[in-house]
There are 2 protein chains.
Amino acid sequence: MSAKTKRSPESLVDLMARDIQAGVFTPGSWLKQIDLENRYGATRMDVRRALDQLALKRLVRHVPNRGYHVHALDDRQADEIRDVRVILETAAAESMVENVGPADLEDLRRLAARFDELTLTGTILEQYEANIAFHVRLLKLCSNQELVNIVMELRGRGPSAPATQWKTRARIEQSGREHLLMIEALAAHDTAALRRVLTAHIRQTGLEGVASTQPPKHKSG
Amino acid sequence: MSAKTKRSPESLVDLMARDIQAGVFTPGSWLKQIDLENRYGATRMDVRRALDQLALKRLVRHVPNRGYHVHALDDRQADEIRDVRVILETAAAESMVENVGPADLEDLRRLAARFDELTLTGTILEQYEANIAFHVRLLKLCSNQELVNIVMELRGRGPSAPATQWKTRARIEQSGREHLLMIEALAAHDTAALRRVLTAHIRQTGLEGVASTQPPKHKSG
DNA sequence: GGCAAAATAATTGGCGCCAAAATGTTTGCA
DNA sequence: TGCAAACATTTTGGCGCCAATTATTTTGCC
């Protein structure tokens, strides 16, 4: 591979996290340090550091004297993380509705339009990035910055890999429609509606049967 | 100091995190690697690893070529983290009430009693541990394990250092009473009451004026 | 005596090497 | 031919040294 891309070691974790998310490494596969060195043009020490940090983030798992392998979370964990996201993002909805302004709506409409555009013309990765951009902008409306950080982290940890997230074109288009519904709810300052859409969007279920005010139930017990 | 205490390098992060929480290192002070080596009887590499992980956890901050210093979070961040804890723990309340059984109540009563006992006879650190033990046991009632993990992590990051947490004996005794109120609410399967107590307990405000059902407001804007 | 600049000391941080452990392969034996 | 043991290869992981950078003290000059 290209010998030296000279990346800032700080962002190597993020880079690897993205690649794991993007499905470059299949879940369960072992991450050999040599390969990572070559792929990212990093030193062995940087790779080890990044691996450790990713293990702390639960994205990879460390087995002493065996190495690191990407952590494939089971259905239960995936459900649980989704539920936590629903809890946090619906809790943030109130703050979002309070803080939203015309400029925010403008931005969001632009980002939603871009996502829809890429539904037709873009690659899966571009769609993924556009979706992230929309949601980051949306989350920034929340005044609680720590909450935003935690949600972003969960988003990275959950089963939001593009490969598994949007299985069908219909699902992608549905996501696009839900983005618009969120903007509508924000514009109308309708917290309950926003919560409903967010819940459906995160759970990727239809909008029917989603209670608006009460916190989400936990499936697994 | 004692040359080799031979700790498992895995837990060094937790150990240091605890010490930071316990106020062994004053906020803002620089953590010299040599001192840490001696104090924990660890190798330089282990210290560096732990430092990096703590930086990722936002417990310490890294300044290149200057070192690491313990990160004193400002009031705003402290408030925000508290708010997130309120959101998550009140959301967990429903699941807790659903899952609680007689054996759980028994355990909780025992742990609460132990906390009260240490109010009189124990050191601050013992009180801290007993408190943690109670809350871990309480959280374990929640079926969502990921939620539990996140709350535990937040608990470690938030301003829950014993030094700042229980300023007065009156405050400690109040905490003990609140523990009992939680158990009562659990026994009565009263989700709303549990939420109320949890909110007051985390915020360390009185029980008056705490809404039971609606999510917490965010102070900082 | 006070300030600036140079020399010294202390600390961080990067890099590479080699031992320990595990995996895969070949060989030997029943 | 199937199984087991020994060998070879690969991979991880620990340790130490030294360069780069920063803090501190000393020295020299005005």
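Computation of the quantities below employed the complete heavy-atom set of this structure, encompassing side-chain atoms and omitting hydrogens, waters and symmetry-equivalent molecules. Computed from a predicted model, the values in this text were never measured in an experiment. Just so it is clear: chains get the letters A, B, ... in the order the sequence lines come, proteins before strands, and each one is counted from 1.
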- Does OP1 or OP2 of C:dG13 have a side-chain N or O of B:Arg66 closer than 4.0 Å? no
- Task: Would you please confirm or rule out a distance under 4.0 Å between OP1 or OP2 of C:dG13 and any side-chain N or O of B:Gln33?
- Result: yes
May I have the distance from [X] (atom [atom1]) to [N] (atom [atom2]), rounded to whole angstrom?
X	N	atom1	atom2	answer
B:Asp35	C:dA10	CG	P	13 Å
A:Leu12	C:dG14	CG	C1'	15 Å
B:Arg44	D:dC17	CZ	C1'	11 Å
A:Met45	D:dC17	CE	C1'	14 Å
A:Leu36	D:dT11	CG	C1'	12 Å
B:Asp52	C:dG14	CG	C1'	13 Å
A:Trp30	D:dT10	CH2	P	19 Å
B:Leu31	C:dA10	CG	C1'	17 Å

Can you tell which of [options] lies closest to the side chain of [X]?
X	options	value
B:His62	C:dG13, D:dC15, D:dG14	C:dG13
A:Arg48	C:dT11, C:dC15, C:dG16	C:dG16
B:Thr43	D:dT21, D:dC15, D:dT12	D:dC15
B:Lys32	D:dT21, C:dA21, C:dT11	C:dT11

- Message: Reading DNA chain C from 5' onward, which residue's closest nucleotide shows up sooner: A:Arg49 or A:Pro64?
- Response: A:Arg49
- Item | Side chain A:Gln53, main chain A:Val13, donor-acceptor under 3.5 Å | no
- Item | Contact list for residues 16-29 of chain A, test salt bridge (charged side-chain N to carboxylate O under 4.0 Å, His left out), sequence neighbours left out | A:Arg18-A:Glu129, A:Asp19-A:Arg39
- Task: May I ask you to check whether B:Glu178 and B:Gln174 show a side-chain donor-acceptor distance below 3.5 Å?
- Result: yes
- Donor-acceptor side-chain pairing of A:Asp52 and A:His62 below 3.5 angstrom: no
- Using a strict cut-off of less than 4.0 Å between a Lys/Arg side-chain nitrogen and an Asp/Glu carboxylate oxygen, indicate whether B:Asp79 and B:Arg76 qualify as a salt bridge. no
